[in-house]
Amino acid sequence: MQAKKWSDIAPGKGLLELSGDGEILISGIAFDSRKVEPGFLFVAQRGTHADGHLYIAAAVARGAVAVVCETFPDERQSGVLYVRVEDAGEALGWIAAAWHDFPSEKIKVVGVTGTNGKTSIATLSYRLFTRLGFPSGLISTISVIIGTTAETATHTTPDALRLQEILAAMAGAGCAYCFMEVSSHAVVQKRIAGIRFSGGIFTNLTHDHLDYHKTFAEYLRAKKAFFDGLDETAFALTNLDDKNGPVMVQNCRAAVHTFSTRAMAGFRCKVLESHFEGMLVTIDGREVWLRFVGKFNASNLLAVYGTAVLLGRDPGEVLEIISELTPVQGRFEAIRSREGIMAIVDYAHTPDALKNVLSAIGEIRSGTQKVITVVGAGGDRDRTKRPEMAREALQGSDRVILTSDNPRTELPEAIIHDMEAGIDQANRHRVISIVNRREAIKTACMMASPGDIILVAGKGHENYQEINGIKTHFDDKEVLSEIFGIDQ
């Protein structure tokens, strides 16, 4: 990338004070002092684990010629430009956007936010528009795809520098659209600053991430801030089946549209028949067979449909392609044993997501089929949802096995103990705890009879387990296939 003057990449708002040469040439940008090279601009952010202001001197020692910060350091080096801003995180987003010549002005970016359904809606929208003949991009929990080139994702929403770099690569590759997940963390941390969204989609809001946001009200405000930031040229598509759907778009400048599987809305869907192979639904009055299971998936696909129509695509053509789409990796993926035991792998890692998946199973199961659920909860994350996870699992299952998910730095026994608090004494006999996840899945398979249904929840597409900060290979679907003695 060619060097640019500070004046060419300066954010248009939030600038408070300048100390030094505003025409200085900058050869790169970093917010980690260890990645600073001679000629770089260093942005000192106040993060959750570290304060970048403590590393300004280190960045300058490594060759930074400009520093963006919220508080000037006590000592300033001559020849270095110091810029004081209101919010360094937001400034970084706008600086990164300017550095890459504002890629979101060259490509239509649609953001998807909410607790559950983000990955499915973003991924299926990418697949739909690719099938419609439009080169497109995807930024999701699972992967980043530029046209047809994919790489494994490390975050639901990347940092501001990486985000603008990805969007620039998409624009350079001729992508017409980008569909991306927008996490609440990304909104609060201003990672999406500098992106002009053509549309925003709200899925739902349920219990999650309270370890970060502290209260549900703060979590809601984080999601709503995304819609508050949409401009008059964008659309906001919100889910009326969630009580927070209307709240998200209050005072929104974008054109507001709605979707629902239950109420009157701009885009409507009704489930007519449900089977393990799929479901028959009506979308805006037209019957269509979907290769998906559950009302939550009907809602996700309705959002995909509504988005495509709002982006100018033909409804009939969109429905034809939607009928051919298949579930996203790790989202209600079914594996059947030779004996007729049905196992379902799903990423459900919140109480509401678990409830939705078990409700979908409940709509299809016969009276004699047992449901056995294997579920855990992640370590170093929101502890308050753990008993609720166990409670929801028990409500929709005949037997529950509590086990490890990704304990990270916590003791798995302690996490399981937190989950057990959600089990009342009268139902304790229906629950067992097995720390080893492989053994828990194996036990569920041994407990199941032909025709029974096993739900393995929480990890979905993940092919690792993180214990004591170390990741080792672990894939729920792979483990089930081995136990069943079948090829994936």
Side-chain angles (χ1 to χ4, degrees), residues 108-114 116-138 140 145 176-182 197-204 227 230 234-242 245-246 248-249 254-275 277-328 331-332 356 360:
K108 289 185 180 294
V109 182
V110 177
V112 188
T113 198
N116 303 312
K118 297 188 298 294
T119 301
S120 289
I121 292 171
T123 304
L124 295 172
S125 294
Y126 161 80
R127 292 179 185 173
L128 170 65
F129 274 76
T130 300
R131 291 281 297 274
L132 284 167
F134 296 97
S136 299
L138 172 68
S140 81
I145 306 177
Y177 299 92
C178 168
F179 301 95
M180 66 175 282
E181 295 185 50
V182 178
F197 286 93
S198 295
I201 305 164
F202 172 71
T203 61
N204 48 63
F227 292 95
L230 297 177
F235 68 82
L237 179 60
T238 193
N239 182 9
L240 291 188
D241 292 341
D242 187 288
M248 286 294 139
V249 292
V256 174
H257 300 269
T258 58
F259 68 98
S260 173
T261 60
R262 299 197 297 259
M264 291 297 294
F267 298 102
R268 296 185 66 191
C269 175
K270 183 179 180 182
V271 178
L272 303 177
E273 295 178 17
S274 292
H275 311 274
E277 295 73 28
M279 54 186 163
L280 182 66
V281 305
T282 59
I283 294 180
D284 280 358
R286 305 186 195 196
E287 283 194 9
V288 58
W289 174 261
L290 304 176
R291 301 181 187 184
F292 294 75
V293 177
K295 283 185 179 178
F296 68 99
N297 268 322
S299 180
N300 290 341
L301 285 161
L302 182 60
V304 171
Y305 168 80
T307 298
V309 172
L310 291 172
L311 289 172
R313 309 281 59 91
D314 176 70
E317 187 179 10
V318 170
L319 287 178
E320 186 177 336
I321 294 174
I322 281 179
S323 71
E324 298 169 355
L325 296 176
T326 53
V328 175
R331 271 64 177 174
F332 214 96
N356 286 338

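All residue numbers refer to positions in the sequence shown, counting from 1.
- Within 6.0 Å of the CD atom in Glu324, the count of heavy atoms belonging to other residues, nucleotides or ligands exceeds 12.
- Interatomic distance, CG of Leu124 versus CG of Leu301, reported as 5.5 Å (0.5 Å rounding).
- Side chain of Arg313 to main chain of Ala308: no donor-acceptor pair is present (N/O by atom type, distance under 3.5 Å, no hydrogens or angles).
- Formation of a donor-acceptor pair under 3.5 Å by the Ser120 side chain with backbone atoms of Gly117 is not found in this model.
- Interatomic distance, Ser140 OG to Ile121 CD1, rounded to the nearest 0.5 Å: 12.5 Å.
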_Please determine whether side-chain contact (heavy atoms from CB on, under 4.5 Å) holds for the pair Phe296 and Asn204, giving the CA-CA distance in whole Å, both sets of side-chain angles, and the decisive distance to 0.1 Å._
CA-CA 10 Å; Phe296 68 99; Asn204 48 63; over 6 Å; no
Side-chain atoms of residues 279-290: list all donor-acceptor pairs with protein atoms under 3.5 Å, sequence neighbours left out, distances to 0.1 Å.
from, atom 1, to, atom 2, distance (Å)
Asp284, OD1, Arg268, N, 3.0
Asp284, OD2, Tyr305, OH, 3.4

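- Between Pro327 and Phe332 the shortest side-chain heavy-atom distance does not fall below 4.5 Å.
- Although no hydrogens or angles enter the test, the distance criterion places a donor-acceptor pair under 3.5 Å between the side chain of Arg127 and the main chain of Thr326.
- Counting heavy atoms from C-beta on, the side chains of Phe227 and Val256 never come closer than 4.5 Å.
- Proximity of Phe292 to Arg331: side-chain heavy atoms (C-beta onward) are nowhere separated by under 4.5 Å.
- With rounding to the nearest 0.5 Å, the separation of NZ in Lys270 from OG1 in Thr261 is 11.5 Å.
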*Step by step, would you call Val304 with Thr307 a side-chain contact (heavy atoms from CB on, under 4.5 Å)?*
CA-CA 5 Å; Val304 171; Thr307 298; 5.8 Å; no
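- With rounding to the nearest 0.5 angstrom, the CG atom of Asp242 is 7.5 Å from the CE atom of Met248.
- Taking NZ of Lys108 as the start and CG of Leu311 as the end, the distance is 7.0 Å to the nearest 0.5 Å.
- Formation of a donor-acceptor pair under 3.5 Å by the Ser198 side chain with backbone atoms of Val110 is not found in this model.
- Ring geometry for Tyr177 against Phe134 counts as perpendicular: the plane angle is over 60°, on a 0 to 90° scale with 30° as the lower cut.
- Residues Thr119 and Glu181 form a side-chain contact, since some pair of their non-hydrogen atoms from C-beta on lies under 4.5 Å apart.
- When all heavy atoms of Ala298 and Cys269 are compared, the pair lying nearest together is CB-SG, 4.0 Å.
- Using modelled atom types, one finds no donor on one side chain facing an acceptor on the other under 3.5 Å when comparing Thr203 with Asn239.
- Annotation for Gly245 and Thr238: closest pair O-OG1, 2.8 Å, computed over non-hydrogen atoms.
- Looking only at side-chain heavy atoms (C-beta outward), Leu240 and Pro246 come within less than 4.5 Å of each other.
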